[in-house]
Amino acid sequence: MADSPSNSPSSLPPGSAGATALVLSGGGARAAYQAGVLRAIAELLPDARRNPFPIICGTSAGAINAAGLACGAENFRGAVQRLVGVWEAMEVNRVYRGDALGVGIAGARWLSALAFGWLLRRNPRSLLDNGPLRELLAGELDFHGIDRAVGSGALQALCITASGYNSGQSVSFYQGLAHIDPWERAQRVGARARLTVEHLMASCAIPFIFPAVKLNREWFGDGSMRQLAPIAPAIHLGAERILVVAAGRLGQERQARGGGEGYPSLAQVAGHALSSIFLDGLAVDIERLTRINRTLSVIPPEVRQASGLALRPIQTLVLSPSERLDHLAARHARSLPWPVKTLLSGIGALRRNGGALTSYLLFQADYTQALMDLGYRDTLARGDEVRAFLDLG
């Protein structure tokens with residue numbers, strides 16, 4: 001992939017040449033699909049304790065899955081089982097307040113800000129209170145496991161990306177081998193950090209829905225925002241092969257443009273915006289990487305070296321849902337707590353054309369289990385490809 005001279009093989013971090021990376025995209029509740037994919041991969045491995053992904057990168061809800069794997073990288077199967085267990089027991093109130101009081105307070109703040117903002121001079125922080133998520137992560141994740149995994153050689157780096165509201169930069173916070181240098185490109189940087197729950201909360205702070213998080217001196221929001229090159233952090237960290245697990249179909253469907261029945265609902269607009277944030281940048285980056293790989297394939301390596309062309313081919317495999325997740329969410333939306341259903345119904349999220357928004361917020365076990373089952377089936381259906389990509393023989 002074309003990134004910079006720092007991505008040339010001669011300048012890779014020591015011990016990282018030829019490494020395989022796992023890139024987990026964002027998508028709110030949709031990230032349960034990734035847990036199903038990982039469960040299938042663990043079954044395909046001849047030694048499921050060994051971590052096949054020394055470089056792990058995550059954004060938004062994918063950052064939570066990435067951190068779960070990295071913290072337990074010394075026992076990949078165990079880390080996957082724990083991750084699956086969390087998603088199997090998922091419910092809205094473990095992620096955000098779905099009770100009548102919590103939803104009511106958040107809604108009242110928004111209404112008062114819209115009506116009297118000029119007088120109150122206070123900005124509402126978010127539509128939903130995701131304080132429960134912080135407690136869940138603090139109880140489930142042992143961040144000391146990252147250092148242990150790096151020290152034992154089971155992990156080279158964990159990378160979590162968030163978007164800075166003040167600087168406008170996409171910041172990839174990473175923890176790993178001491179020889180990995182920070183990087184800086186247009187609107188994106190890599191910064192060494194000791195990763196914590198706060199980095200995860202920042203990375204999955206979906207705009208308007210969940211509150212921004214202050215890290216050091218800057219406020220950060222969802223890492224998928226302004227992430228122009230979602231695969232690039234893995235390349236900067238030294239990956240030669242990258243397995244991407246998306247939480248959406250990456251534009252595989254082509255729907256004919258036609259006349260709408262009426263003005264789009266707030267939920268339809270919000271779902272469209274979130275799909276753009278979570279999926280479009282990844283789809284474009286994969287397309288760009290594929291195009292560059294094709295170009296490199298016709299340029300002999302000695303010619304690239306003689307011309308100082310600092311590019312190297314990157315092998316990629318993309319796993320994404322075989323079904324539309326908004327339709328899947330529509331079949332399970334009834335399981336939401338009634339205050340959340342009332343809120344979403346009021347903005348059109350429970351209608352067919354507003355299902356995309358629901359698919360990101362439906363943190364309920366029946367839906368997340370269905371997502372994991374889909375990820376598991378999709379991966380096993382491509383088992384030969386996965387084995388070949390991971391060189392499992």
Side-chain angles (χ1 to χ4, degrees), residues 1-4 6-9 11-13 15-27 31 33-34 37-38 40-41 44-45 50-60 62-63 65-67 69-70 73 76 154-161 170 172 174 176-177 180 183 185 188 190 223-224 227-248 250 278-297 310-321 375 378-379 382 385-392:
M1 182 172 179
D3 221 280
S4 77
S6 68
N7 281 334
S8 63
S11 59
L12 292 175
S16 64
T20 300
L22 176 67
V23 173
L24 301 174
S25 69
Y33 176 86
Q34 297 168 349
V37 170
L38 294 167
I41 290 175
L44 294 173
L45 295 173
R50 185 185 66 82
N51 174 30
F53 306 108
I55 297 170
I56 303 175
C57 301
T59 302
S60 193
N65 289 336
L69 287 181
F76 181 76
L155 183 70
Q156 293 178 11
L158 168 65
C159 179
I160 303 300
T161 299
S170 176
S172 295
Y174 69 90
L177 292 173
I180 300 176
W183 61 88
R185 301 292 180 269
R188 53 190 173 89
S224 297
Q227 193 178 31
L228 304 178
I231 301 176
I235 299 175
H236 283 291
L237 294 170
E240 295 273 346
R241 294 183 298 182
I242 302 175
L243 176 64
V244 179
V245 186
L250 299 181
F278 290 127
L279 300 175
D280 289 357
L282 181 59
V284 170
D285 205 22
I286 291 170
E287 184 178 89
R288 179 168 52 235
L289 186 147
T290 301
R291 185 172 62 250
I292 293 173
N293 278 343
R294 288 173 180 168
T295 301
L296 290 176
S297 69
L311 298 171
R312 70 184 192 274
I314 302 294
Q315 297 180 54
T316 57
L317 178 64
V318 181
L319 299 176
S320 62
D378 285 350
T379 306
R382 300 178 62 184
E385 288 181 78
V386 174
R387 287 190 186 93
F389 184 79
L390 296 178
D391 196 21
L392 301 180

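By convention here, the first residue in the shown sequence is residue 1. Bear in mind that the values here come from a model prediction, so they are computed numbers and not experimental data.
When all heavy atoms of Phe389 and Arg241 are compared, the closest pair comes out as O-NH1, 2.8 Å. The shortest heavy-atom contact between Phe76 and Asn51 is CD1-OD1, 3.6 Å. Taking both residues in full, the closest heavy atoms of Leu243 and Ile41 are given as CD2-CD1, 3.6 Å, listed atom of the first, atom of the second, then distance. Across all their heavy atoms, Ala154 and Ala73 have their closest contact at CB-O, 3.7 Å. Taking both residues in full, the closest heavy atoms of Ala234 and Ile242 are given as CB-CD1, 3.9 Å, listed atom of the first, atom of the second, then distance. Across all non-hydrogen atoms, the minimal contact from Leu282 to Ser25 is CD2-CB, 3.8 Å.
A donor-acceptor pair shorter than 3.5 Å can be found between the side chains of Thr161 and Ser172. For Glu240 and Thr20, the side-chain atoms include no donor-acceptor pair closer than 3.5 Å.
Side-chain contact between Thr59 and Leu24 is absent, with no heavy-atom pair separated by less than 4.5 Å. Contact of the Pro230 side chain with the Asp285 side chain is registered, since non-hydrogen atoms from C-beta on lie closer than 4.5 Å. Contact annotation: the side chain of Leu237 approaches that of Trp183 to within less than 4.5 Å [non-hydrogen atoms, C-beta and beyond].
Going from atom CG of Leu319 over to atom CG of Asp378 covers 8.0 Å, rounded to the nearest 0.5 Å. Atom CZ in Phe53 sits 14.0 Å away from atom CG in Leu158 (nearest 0.5 Å). Here Asp391 contributes atom CG and Gln315 contributes atom CD; the two are 9.0 Å apart, rounded to the nearest 0.5 Å. Atoms NE2 and CZ, on His236 and Arg188 in that order, are 4.5 Å from each other to the nearest 0.5 Å. Taking CG from Leu177 and CD1 from Ile180, the interatomic distance works out to 4.5 Å, rounded to the nearest 0.5 Å. Between the CG atom in Leu38 and the OG1 atom in Thr379 there is a gap of 8.0 Å [rounded to 0.5 Å].
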Given side-chain contact (heavy atoms from CB on, under 4.5 Å), test Val245 with Tyr33 step by step and report yes or no.
-> CA-CA 9 Å; Val245 186; Tyr33 176 86; 4.3 Å; yes
Residue pair Cys57, Ile55: steps toward the side-chain contact (heavy atoms from CB on, under 4.5 Å) verdict | CA-CA 7 Å; Cys57 301; Ile55 297 170; 4.1 Å; yes
Stepwise side-chain contact (heavy atoms from CB on, under 4.5 Å) test for Ile56 and Cys159 | CA-CA 6 Å; Ile56 303 175; Cys159 179; over 6 Å; no
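Partners of Glu287 by salt bridge (Lys or Arg N to Asp or Glu O under 4.0 Å), not counting sequence neighbours: none found.
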